[in-house]
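First up is the structure itself, then whatever we jot down about it.
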2 protein chains.
Amino acid sequence: MTKIDTKIFKTLSDPNRLRILKMLQSKSLCVCEITDVLKLAASTVSKHLSILREVGFIIEQKDGKWVNYMINPRPSDARISSVISTLDFWISDDQVILSDKQKVQKVDRSEVCSR
Amino acid sequence: MTKIDTKIFKTLSDPNRLRILKMLQSKSLCVCEITDVLKLAASTVSKHLSILREVGFIIEQKDGKWVNYMINPRPSDARISSVISTLDFWISDDQVILSDKQKVQKVDRSEVCSR
DNA sequence: TTTATATTTCGATAGATAACGAAATGAATT
DNA sequence: AATTCATTTCGTTATCTATCGAAATATAAA
């Protein structure tokens with residue numbers, strides 16, 4: 001018997017992962033930038049990113065010390081393409097999301113990382 | 001600060017709740033009929049149904065001893081309408097789902113309930 | 001008004017998940 | 001080569017969730 005796959009919904013059922021997806025819609029970001037906005041431990045953010053990546057929502061691009069994460073431009077799963085292109089429908093722009101978006105616009109990697 | 005609402009995704013991230021939604025797409029069913037197909041305790045099925053109902057995916061209609069559950073024909077949340085009308089897109093008809101569908105067509109309430 | 005049946009509620013428990021800090025890894029700079 | 005910094009991995013812990021069986025509730029039948 002095959003098992004019903006719920007990993008897309010499970011991935012989307014954590015508020016911090018939804019915040020990350022919305023943030024990455026503005027621009028690609030490294031782990032420490034995301035950590036700065038979410039105010040979570042870097043290890044926690046890294047874990048969220050690995051889940052989003054494994055399921056196919058985002059991709060990573062290494063750049064020296066940094067790992068830049070961005071929305072997957074070509075997901076192989078149509079359901080993931082659909083969610084990504086209709087993110088605003090699924091996640092309303094409430095205060096948290098709006099505030100994240102403002103912070104993302106302002107983040108300066110040289111400020112936030114290394115300090 | 002408002003909290004990001006993940007209850008739709010959380011509701012959809014349990015395989016047994018997805019099976020119930022798919023079954024109810026074939027026809028409305030009572031708790032014991034669903035219990036018979038899923039092979040779970042009646043209390044567990046009842047709990048899944050209450051979650052699906054509270055979030056808005058299904059409605060209930062009392063009929064004597066029985067409580068019939070069915071897909072909500074007029075959800076107030078557009079996201080729920082969307083999920084319901086595109087269920088086949090989100091949940092592929094794998095063996096479990098197909099087998100459930102066959103069982104649902106055959107279930108006879110007077111057989112399954114009371115025995 | 002008992003009895004039977006369908007469902008829900010409750011309490012307990014096992015397993016999953018998110019969070020953290022510490023340690024390990026990898027890459028650039030000194 | 002040693003150091004620094006970004007990230008990941010690991011081990012632990014607290015919380016959440018799905019499950020069960022037993023008890024409570026509600027309705028119908030005897």
Exercise. Return yes if some donor-acceptor pair links the side-chain N/O of Ser46(B) with the main-chain N/O of Ala42(B) below 3.5 Å, else return no.
Key: no

Exercise. Measure from the side-chain N and O atoms of Lys10(B) to the backbone N and O of Phe9(A), and report whether any donor-acceptor pair falls under 3.5 Å.
Key: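 Not a single qualifying donor-acceptor pair exists.
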
By side-chain hydrogen bond (donor to acceptor under 3.5 Å, both in side chains) - contacts of [X] (at least two apart):
X	value
Asp108(A)	Ser110(A)
Lys27(B)	none
Thr86(A)	Trp90(A)

Nearest whole Å is fine: how far is [N] [atom2] from [X] [atom1]?
X	N	atom1	atom2	value
Arg53(B)	dT7(C)	CZ	C1'	12 Å
Asp36(B)	dT5(C)	CG	C1'	16 Å
Ile51(B)	dT9(C)	CD1	P	12 Å
Glu60(A)	dT7(D)	CD	P	11 Å
Leu12(A)	dT17(C)	CG	C1'	16 Å
Ile4(A)	dA18(D)	CD1	P	14 Å
Leu49(B)	dT7(C)	CG	C1'	10 Å
Asn68(A)	dT8(D)	CG	P	11 Å

Quiz item: What are the residues of residues 22-32 of chain B, sorted by number, that bring a heavy atom to within less than 4.0 Å of DNA chain D?
Solution: none

Quiz prompt | NZ/NE/NH1/NH2 to OD/OE distance under 4.0 Å, Lys22(A) and Asp88(A) | solution =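 A salt bridge is present here (some side-chain N lies under 4.0 Å from a carboxylate O).
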
Exercise. With disulfide (SG to SG under 2.5 Å) as the test, would you mind laying out the steps for Cys30(A) and Cys113(A) before giving the verdict?
Key: CA-CA 9 Å; Cys30(A) 68; Cys113(A) 310; 3.9 Å; no

Tabulate protein N/O versus nucleotide N/O from nucleotides 19-22 of chain C, keeping only pairs under 3.5 Å, one per line.
residue: dA19(C); atom: OP1; partner: Asn16(A); partner atom: ND2; Å: 2.7
residue: dA19(C); atom: OP2; partner: His48(A); partner atom: NE2; Å: 2.4
residue: dC20(C); atom: OP2; partner: Ala41(A); partner atom: N; Å: 2.8
residue: dC20(C); atom: OP2; partner: Thr44(A); partner atom: OG1; Å: 2.8
residue: dG21(C); atom: N7; partner: Ser43(A); partner atom: OG; Å: 3.3
residue: dG21(C); atom: O6; partner: Ser43(A); partner atom: OG; Å: 3.0

With sequence neighbours excluded, residues passing side-chain contact (heavy atoms from CB on, under 4.5 Å) with [X]:
X	value
Ser43(B)	Ala41(B)
Ser81(A)	Pro75(A)
Ser85(A)	none
Asp14(B)	Asn16(B), Arg17(B), His48(B)

For nucleotides 27-30 of chain C, print each protein N/O atom paired with a nucleotide N/O atom at under 3.5 Å, atom names and distance only.
none

Quiz prompt | Divergence of helical axes at both termini of the helix from dT1(C)-dA30(D) to dT30(C)-dA1(D) - five pairs an end, 10° steps | solution =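 Rounded to the nearest 10 degrees, the bend comes out at 10°.
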
Quiz item: What nucleic acid atoms does Arg17(A) come within less than 4.0 Å of, heavy atoms only: base, sugar-phosphate, or nothing?
Solution: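 Sugar-phosphate contact only - Arg17(A) comes under 4.0 Å of backbone atoms but never of a base.
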
Quiz prompt | Interatomic distance, Ile97(B) atom CD1 to Leu87(B) atom CG [nearest 0.5 angstrom] | solution =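 Going from CD1 on Ile97(B) over to CG on Leu87(B), the span is 9.0 Å.
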
Quiz item: Does Tyr69(A) put a side-chain nitrogen or oxygen below 4.0 Å from OP1 or OP2 of dT8(D)?
Solution: yes

Practice problem: Could you tell me which non-hydrogen atom of Glu33(B) sits nearest to which non-hydrogen atom of Ser28(B), and how far apart they are? | Solution: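 That closest heavy-atom pairing would be OE1-O, 4.5 Å.
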
Residues 65-73 of chain A side chain polar contacts: donor-acceptor under 3.5 Å, at least two apart:
residue: Asn68(A); atom: OD1; partner: Arg109(A); partner atom: NH1; Å: 3.4
residue: Asn68(A); atom: OD1; partner: Arg109(A); partner atom: NH2; Å: 2.6
residue: Tyr69(A); atom: OH; partner: Glu60(A); partner atom: OE1; Å: 3.2
residue: Asn72(A); atom: OD1; partner: Arg74(A); partner atom: N; Å: 2.9
residue: Asn72(A); atom: ND2; partner: Gly56(A); partner atom: O; Å: 3.0

